[in-house]
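A note on names: the letters A, B, ... follow the listed sequences, proteins ahead of strands, and every chain is numbered from 1.
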There are 2 protein chains.
Amino acid sequence: MSTAEETTGGEVEPWEEVTPEAARRLLVAAVEAFAERGYHATTTRDIAGRAGMSPAALYIHYKTKEELLHRISRIGHDRALDILRTAARREGGAPERLADAVSSFVRWHAGRRTTARVVQYELDALGPDARAEILDLRRQVDGEVRGIIQEGVESGEFDVLDVHGTTLAVLSLCIDVARWFNVDGPRTPEEVGALYADLVLRMVGAK
Amino acid sequence: MSTAEETTGGEVEPWEEVTPEAARRLLVAAVEAFAERGYHATTTRDIAGRAGMSPAALYIHYKTKEELLHRISRIGHDRALDILRTAARREGGAPERLADAVSSFVRWHAGRRTTARVVQYELDALGPDARAEILDLRRQVDGEVRGIIQEGVESGEFDVLDVHGTTLAVLSLCIDVARWFNVDGPRTPEEVGALYADLVLRMVGAK
DNA sequence: GCCGAAGCTGAGCGGCCGCTTAGAGTGCCT
DNA sequence: AGGCACTCTAAGCGGCCGCTCAGCTTCGGC
């Protein structure tokens, strides 16, 4: 397979960029806890406990519990945007690029489900400033997908009446994977990615 | 327009069945608060305040805060299932019934967005028993949509490889409307319903 | 007129919350 | 060796949480 996610190059571990190691452990613990129970139902004692530390240790690396969510959300959105940009800018026609974008994006939502859940569903828990920053990233995400669809329409490869509405639906379909995907379920992230790429090509009336 | 939602007959107000009036006011207040902030971030004082009552009044009508969520979730799922059943059982071919199901279901998620948000995203806040009861209703929801798609495939009206996967995607698309739909946005529930019905017919390869 | 049932409030209980502080342990620089 | 910066813990503070309870009001039945 040759798709956006694999061809980005240097990518190894998701939270590599978070240092020192104790801060990363806390952040990974927070991702798991937020994904399982939601931000508001998660206590700082729970996060610290999962990271094998005392509750006070959290505040050496993060000012508040909300800063943890902000860091997670920012890194997650950066990664999601990176995946879509790579697919949008590769060689090939609009159908190939859209299929690549959807299958990569879906694989990320399924394979990194805990992260994606926090990223997509805990936005409202952020304060106004952090929220605005993340919303700007979301507009860029929307723009990447809309760009591919728009190009496909202009080149005659797609048949779409409402480009904005269809873009919304395509992204919505991908994002909701984070809600229902079950790691122990019958489908692998790759299978869902392939199925969804096919469904999306149908939605845009790809020739 | 003649679709499932209108032809159900007696339906008037959504929470009519909740009595006495004070209990209904509390429940409506809880729906709003849960939808805005999430179940865990909502306090019983907030719910009672929105209903114009003291915090203690809540416990005359409901044993716990969770019972409020359970009642909301149960009634909401019953309504959603009712909408889909009506569409699935009307006369007409599979394409007409699927389009009706999707547009009605989407209109409900958009028009009753606060309720739908609570119903679809706060399931995890329920205890094991209530959760199991709701999951059973969700399986019935899934069954209704899968039934229409299956019939369309068998009659040759649809062209679908993975019936289960496609059913999942169709429902997922509709449900996610409750996440992004904005009452002040540019689209009406009716417009989104019509757009989504068209997109879904494309997904199932309707002739 | 009296009574019991039902609806509601003000006050508050025990407990957990996010977060802080004082101080101990550890390793690097000189 | 001494000093300092960094990391972490034990203890706990003030506050809000879900929920309870004693008592007040209202109202229909007789």
Side-chain angles (χ1 to χ4, degrees), chain A residues 15-73 118 122-131, chain B residues 15-73 118 122-131:
Chain A
W15 307 112
E16 223 187 350
E17 62 216 278
V18 181
T19 56
E21 194 247 349
R24 179 165 56 242
R25 258 164 49 217
L26 283 163
L27 191 127
V28 169
V31 169
E32 286 172 11
F34 292 163
E36 267 178 37
R37 309 216 242 271
Y39 175 79
H40 289 293
T42 298
T43 69
T44 54
R45 285 164 176 82
D46 181 28
I47 297 168
R50 285 176 194 244
M53 301 168 96
S54 78
L58 195 151
Y59 293 91
I60 294 163
H61 301 283
Y62 303 96
K63 278 211 302 283
T64 62
K65 176 178 150 186
E66 196 198 315
E67 191 194 323
L68 260 169
L69 177 61
H70 183 198
R71 292 277 295 270
I72 293 166
S73 197
V118 178
E122 300 293 346
L123 177 66
D124 291 344
L126 289 171
D129 292 354
R131 197 184 148 86
Chain B
W15 306 113
E16 224 188 351
E17 62 215 279
V18 181
T19 54
E21 193 248 349
R24 179 166 55 241
R25 258 164 49 218
L26 284 163
L27 191 127
V28 169
V31 169
E32 286 172 11
F34 292 163
E36 267 179 37
R37 309 217 240 271
Y39 175 79
H40 289 294
T42 299
T43 69
T44 53
R45 285 164 175 82
D46 181 28
I47 297 168
R50 284 174 193 247
M53 302 169 97
S54 78
L58 195 150
Y59 293 91
I60 292 162
H61 300 283
Y62 303 96
K63 279 211 300 283
T64 62
K65 175 177 150 186
E66 196 199 315
E67 192 193 324
L68 260 169
L69 177 61
H70 183 197
R71 291 278 294 270
I72 293 165
S73 196
V118 178
E122 300 293 345
L123 178 67
D124 291 346
L126 290 171
D129 291 355
R131 195 184 150 86

Could you grab the distance from atom CD of B/E67 to atom OH of B/Y62, nearest 0.5 Å is fine?
7.5 Å

Between D/dC8, D/dA10, C/dG10, spot the one nearest the side chain of A/A56, thanks.
D/dA10

Candidate nucleotides C/dG18, C/dT9, D/dC8, ranked by approach to the side chain of A/A22 - the nearest
D/dC8

Measuring from atom CG of B/L69 to atom CD of B/E122, what distance do you get when rounded to the nearest 0.5 angstrom?
6.5 Å

Rounded to the nearest Å, what distance is computed from the CG atom of residue A/L26 to the C1' atom of nucleotide D/dT9?
14 Å

Quick one: does any side-chain atom of B/Y39 pair with a main-chain N or O of B/V118 as donor and acceptor, under 3.5 Å?
no

So B/I47 and B/E32, do their side chains get closer than 4.5 Å, heavy atoms only?
no

Closest approach to the side chain of B/R45, judged atom by atom: which nucleotide of D/dG12, D/dC19, D/dC21 is it?
D/dC19

For DNA chain D, find the residues of residues 57-68 of chain A with a heavy-atom distance under 4.0 Å and give them by number; none if there aren't any.
A/A57, A/I60, A/H61

Counting N and O atoms only, with roles assigned by atom type, does the side chain of B/K65 sit under 3.5 Å from a partner on the main chain of B/L58, one being a donor and the other an acceptor?
no

Checking C/dG10, D/dT9, C/dC19 against the side chain of A/T44 (C-beta onward), the nearest is C/dC19

note: A/Y39, atom OH; C/dG18, atom C1'; distance rounded to Å ~ 9 Å

Check: B/D46 and B/R37 side chains under 4.5 Å, non-hydrogen atoms:
yes

Of all the heavy-atom pairs spanning A/A33 and A/T42, show the shortest one and how long it is.
O-OG1, 3.3 Å

I need the residues from residues 29-37 of chain B with at least one non-hydrogen atom less than 4.0 Å from DNA chain C; give them sorted by number, or say none.
none

Base, sugar-phosphate or nothing for A/T43? Non-hydrogen atoms, less than 4.0 Å.
sugar-phosphate

Does the A/R131 side chain pair with the main chain of A/L126, one donor and one acceptor, at a distance under 3.5 Å?
no

